[in-house]
> 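Structure in structure tokens, see below.
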Amino acid sequence: MEYYHDENMEETFEDLQQPKTLEELGLSYFFVRDLVLKIMLTYGTIKVQRITEITGIHLDILEEVLNQMEKDGFCAQVGGSFLFSSVEYTLTPRGVEKARLVMEENPYMGMAPVPYDRYFELMDKQLKNRFPIEIPEEVIEKTFRDVVGLSYAKECLVEACTIGKGIFVYGAPGTGKTFIISKASDLLPPIVIPRFIEFRGRVIQIFDPDFHRPCPEEPDDPRWIKIHAPFVFTGSELSLNELETTYNMNKGVYETSPLIKANGGVLLIDDLGRQRDDHEVILNRLIVPLENRKDVIYVRGVPVIFHTHFIPAFSTNLDVSIMDEAHLRRAPMHIFLKHPPVENVAEVFRRNLDYTGEEYDEEVIERFKRVYTPVADGGEGLQPSYAHARDIAQIAQAVRINMGRDRIDLEVIERALEKHVLIALQRMDIDISQVHHSIRTFRIITGDSERAVEVLKLYGALTVALEKGAVLADFEDSISPSQLLEHLQANGVSAERVEVISETQREIKKTILEYRD
């Protein structure tokens, strides 16, 4: 399809013919020589063709380099035919000594890197006019073919990808936030990136198979790779340190951050507010790369600029206020996902059963729907969730296998529902979101205790008690002393000070375990 391989991509491919001279390669003789020395040290005896496969360096260049290495007494031919590609080489004692020294200095061994200047030049060329884009209707249909409902979310994603703007997605757990954002990169055109970059003799890794999906067609120069627009996912495990490029001593490469890996695609910061480091600090770290579309890394203390031309996406099930105005400007488009309609959740449940290859009775679907049907209409009235639909389908498969049944029937689905922890909690009217919160006990020093008690109760105090010259009040941990003081003063209560005297974790007072004989 032209969208995935247009005239600009064809022009890029023409520009990426495999180099046949050291000058075209852009690497020094000594860099290539040292790379070959390390390979020979590792393999012992090796054919030239195998060196080409490992490094991506053309035979013409290897012939020049190996001939010079022979003259310098580093290696010798030990076999092969008249074809240079089949000639076998091994290191001489002098070559072994040199290779060991080189390996200690820099253990990197693999595909030859691309010179930094060449990387920067080609990225500039590809990203210069990347947005706005016109996304073909067939691409949109293919991207969302397995998405049930969420019409507004789909529309918003298409528009965000059209102009390359960030997006903020929020709503209750299980409403499909991560799933819908994961589709965004499929709306974007591919991009060509180097596998590795060389800067002042050091190697920087760009290609990451965990996030970069190769396209069917590839450039002639194997040091470059055409990939689908990347989708780089980070969640609650994200720390400030992981947003930096770090040196891996064992591999001998600088491993780039998610900011650089997401170049040309989408970077998702999922579960915002649940990171190990303060989310405000993480969001502040993103401002410059988002504003300038570039980030700085340090190679041996030297600052080096890299492209960070990605669409930022933020997702949270916390309040929208978790992001302030400065951060929301970097993600100006938003999607609020409410609990989905019962029919949509049932359809996702059906699709998951079909995907797993399960046979089932139609009454199983109806039973599943009743879990989320309002009590007034004869159902259980639980909150519908796309995540439940996926989980219950998988649990039902396990139950069916364990029971020795050929298909999923009513008894199987009943047992599957009993085994899902979140459904069990909802049935017992336990709000699991509250388990993660602490309760803060405040002491408010005030001469107007009676009025303070009244104002605090209206403000949502869980408990209030009087103490001589003060009021004690319990609040959720989202309330701070300054907020409390400000609210009291705004309601005419004079308070000398507000202090936190204790903070305790909530506990579930009920058990969800049922012991059976």
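Note that these values count all heavy atoms, side chains included, but never hydrogens, waters or copies made by symmetry. This structure is a prediction, so every number in the text was calculated from the model and none was measured.
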> Quick check on the 6.0 Å ring-centre criterion: do Tyr108 and Phe196 meet it?
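Yes; Phe196 has its ring centre under 6.0 Å from that of Tyr108.
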
> Closest approach of Pro173 and Asn317, non-hydrogen atoms and distance?
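Smallest heavy-atom distance, with atoms named: CG-ND2, 3.5 Å.
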
> May I ask you to decide if Pro222's main-chain N or O and Arg195's side chain share a donor-acceptor pair within less than 3.5 Å?
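Side chain of Arg195 to backbone of Pro222: a pair is present.
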
> Tell me if a side-chain donor or acceptor on Thr256 pairs with a main-chain N or O of Gln205 at a distance below 3.5 Å.
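Between the backbone of Gln205 and the side chain of Thr256 there is a qualifying donor-acceptor contact (under 3.5 Å).
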
> Could you pull out the closest heavy-atom pair between Pro115 and Ile197, with the gap in Å?
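Heavy atoms only, the tightest pair is C-CG2, 4.4 Å.
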
> With a 3.5 Å distance limit and no angle check, can you tell me whether Arg330 reaches the backbone of Ala326 through a side-chain donor-acceptor pair?
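Side chain of Arg330 to backbone of Ala326, a donor-acceptor pair under 3.5 Å: yes, one is there.
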
> Are any side-chain N or O atoms of Arg94 and backbone N or O atoms of Cys75, one a donor and one an acceptor, separated by less than 3.5 Å?
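Pair absent, no side-chain N/O of Arg94 close to backbone of Cys75.
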
> Side-chain contact test, heavy atoms from C-beta onward, threshold under 4.5 Å: evaluate it for Leu267 versus Pro312 and give yes or no.
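A side-chain contact under 4.5 Å is absent here.
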
> Tell me, do Asn8 and Gln126 make a side-chain contact under 4.5 Å, heavy atoms counted?
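Counting from C-beta outward, Asn8 and Gln126 never come under 4.5 Å.
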
> Taking the six-membered ring for Trp, are Tyr254 and Tyr247 parallel (under 30°), tilted (30 to 60°) or perpendicular (over 60°)?
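Answer is tilted, since the angle falls between 30° and 60°.
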
> I'd like to know whether the aromatic ring centres of Tyr170 and Phe168 sit less than 6.0 Å apart in this structure.
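Aromatic pair counts; centres sit under 6.0 Å.
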
> Give a yes or no on whether the backbone of Gly174 and the side-chain of Ser385 come within a donor-acceptor separation of less than 3.5 Å.
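Yes: the side chain of Ser385 pairs with the backbone of Gly174.
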
> Would Asp391 and His420 count as having a side-chain donor-acceptor pair, cut-off 3.5 Å?
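Yes, His420 and Asp391 have a side-chain donor paired with an acceptor closer than 3.5 Å.
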
> Indicate whether any N or O donor in one side chain lies under 3.5 Å from an N or O acceptor in the other, for Asp220 and Gln18.
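No, because no side-chain N or O of Asp220 sits under 3.5 Å from a partner of the opposite role on Gln18.
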
> Taking the basic N atoms (NZ, or NE/NH1/NH2) and the acidic carboxylate oxygens, is any pair closer than 4.0 Å for Lys261 and Asp208?
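Here Lys261 pairs with Asp208 in a salt bridge, since their nearest N and O are under 4.0 Å apart.
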
> What do the steps show when you test Glu138 against Lys142 for salt bridge (Lys or Arg N to Asp or Glu O under 4.0 Å), and what is the final call?
CA-CA 6 Å; Glu138 56 267 35; Lys142 182 181 177 183; over 6 Å; no

> Quick check: closest heavy atoms across Ala313 and Ile181, and the distance to 0.1 Å?
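It is CB-CG2, 3.6 Å.
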
> Just checking, is any N or O donor in the side chain of Asn67 or Glu63 under 3.5 Å from an acceptor N or O on the other one?
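There is no such pair between these side chains.
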
> Shortest non-hydrogen contact from Val148 to Tyr386?
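Reported closest heavy-atom pair: O-OH, 3.3 Å.
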
> Do His5 and Lys226 pair up side chain to side chain, a donor and an acceptor below 3.5 Å, judged on atom types alone?
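There is such a pair (donor and acceptor under 3.5 Å, judged by atom type) between the side chains of His5 and Lys226.
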
> Does the ring center of Phe314 lie less than 6.0 Å from the ring center of His327?
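Aromatic pair excluded; centres sit 6.0 Å or further apart.
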
> When you measure from the side chain of Asp186 to the backbone N and O of Thr143, does any donor-acceptor pair fall under 3.5 Å?
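No, because the side chain of Asp186 does not come within donor-acceptor range (under 3.5 Å) of the backbone of Thr143.
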
> Working note: Arg118 + Asp221, criterion salt bridge (Lys or Arg N to Asp or Glu O under 4.0 Å); need CA distance, chi angles, decisive distance, verdict.
CA-CA 13 Å; Arg118 182 73 170 121; Asp221 187 347; over 6 Å; no

> Going by the salt bridge (charged side-chain N to carboxylate O under 4.0 Å, His left out) test, name the single residue among Lys183, Arg351, Arg390 that passes it with Asp146.
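Testing each of Lys183, Arg351, Arg390 against Asp146, the sole residue satisfying salt bridge (charged side-chain N to carboxylate O under 4.0 Å, His left out) is Lys183.
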
> Which one of Ile269, Ile322, Asp271 satisfies the side-chain contact (heavy atoms from CB on, under 4.5 Å) criterion with His279?
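When Ile269, Ile322, Asp271 are each tested with His279, the side-chain contact (heavy atoms from CB on, under 4.5 Å) holds only for Ile322.
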
> Quick check on the 6.0 Å ring-centre criterion: do Tyr119 and Phe306 meet it?
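Yes.
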
> Can a donor-acceptor pair be found, under 3.5 Å and without considering hydrogens, that links the side chain of Tyr89 to the backbone of Glu70?
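A pair under 3.5 Å: no.
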
> Using atom types as modelled and distance alone, determine if a side-chain donor or acceptor of Thr308 lies under 3.5 Å from a backbone N or O of Pro289.
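The answer is yes, because a donor-acceptor pair under 3.5 Å joins these two groups.
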
> Quick test of your reading of the model: are Arg50 and Glu53 salt-bridged, counting only N-O distances below 4.0 Å?
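Here Arg50 pairs with Glu53 in a salt bridge, since their nearest N and O are under 4.0 Å apart.
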
> Is the ring centre of Phe207 less than 6.0 Å from the ring centre of His212?
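Ring centroids of Phe207 and His212 are less than 6.0 Å from each other.
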
> For a side-chain contact (heavy atoms from CB on, under 4.5 Å) with Asn284, tell me which candidate from Leu286, Ile287, Ile282 qualifies.
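Running side-chain contact (heavy atoms from CB on, under 4.5 Å) over Leu286, Ile287, Ile282 with Asn284 returns exactly one hit, Ile287.
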
> With side-chain contact (heavy atoms from CB on, under 4.5 Å) as the test, pick out the partner of Tyr43 among Ile51, Thr90, Leu91, Ile54.
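Testing each of Ile51, Thr90, Leu91, Ile54 against Tyr43, the sole residue satisfying side-chain contact (heavy atoms from CB on, under 4.5 Å) is Ile54.
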
> Which pair of heavy atoms, one from Gly176 and one from Leu337, lies closest together, and at what distance?
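Nearest pair, atom of Gly176 first, then Leu337: C-CD1, 3.8 Å.
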
> Using atom types as modelled and distance alone, determine if a side-chain donor or acceptor of Tyr3 lies under 3.5 Å from a backbone N or O of Leu187.
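Flag set: sc Tyr3 to bb Leu187 pair under 3.5 Å.
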
> Within a strict 4.5 Å, meaning less than it, do heavy atoms of the Thr52 and Ile57 side chains meet?
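Contact flag for Thr52/Ile57 side chains = no.
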
> Hey, could you give me each pair passing salt bridge (Lys or Arg N to Asp or Glu O under 4.0 Å) that has a residue in residues 152-180? Not counting sequence neighbours.
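Residue pairs with at least one partner in residues 152-180: there are none.
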
> Excluding sequence neighbours, so at least two apart, what forms salt bridge (Lys or Arg N to Asp or Glu O under 4.0 Å) with Arg300?
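With sequence neighbours excluded, Arg300 shows a salt bridge (Lys or Arg N to Asp or Glu O under 4.0 Å) to Glu105, given in chain and number order.
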
> Determine whether Arg285 and Asp277 satisfy the following criterion, salt bridge (Lys or Arg N to Asp or Glu O under 4.0 Å), listing intermediate values before the conclusion.
CA-CA 12 Å; Arg285 169 66 180 86; Asp277 289 339; over 6 Å; no

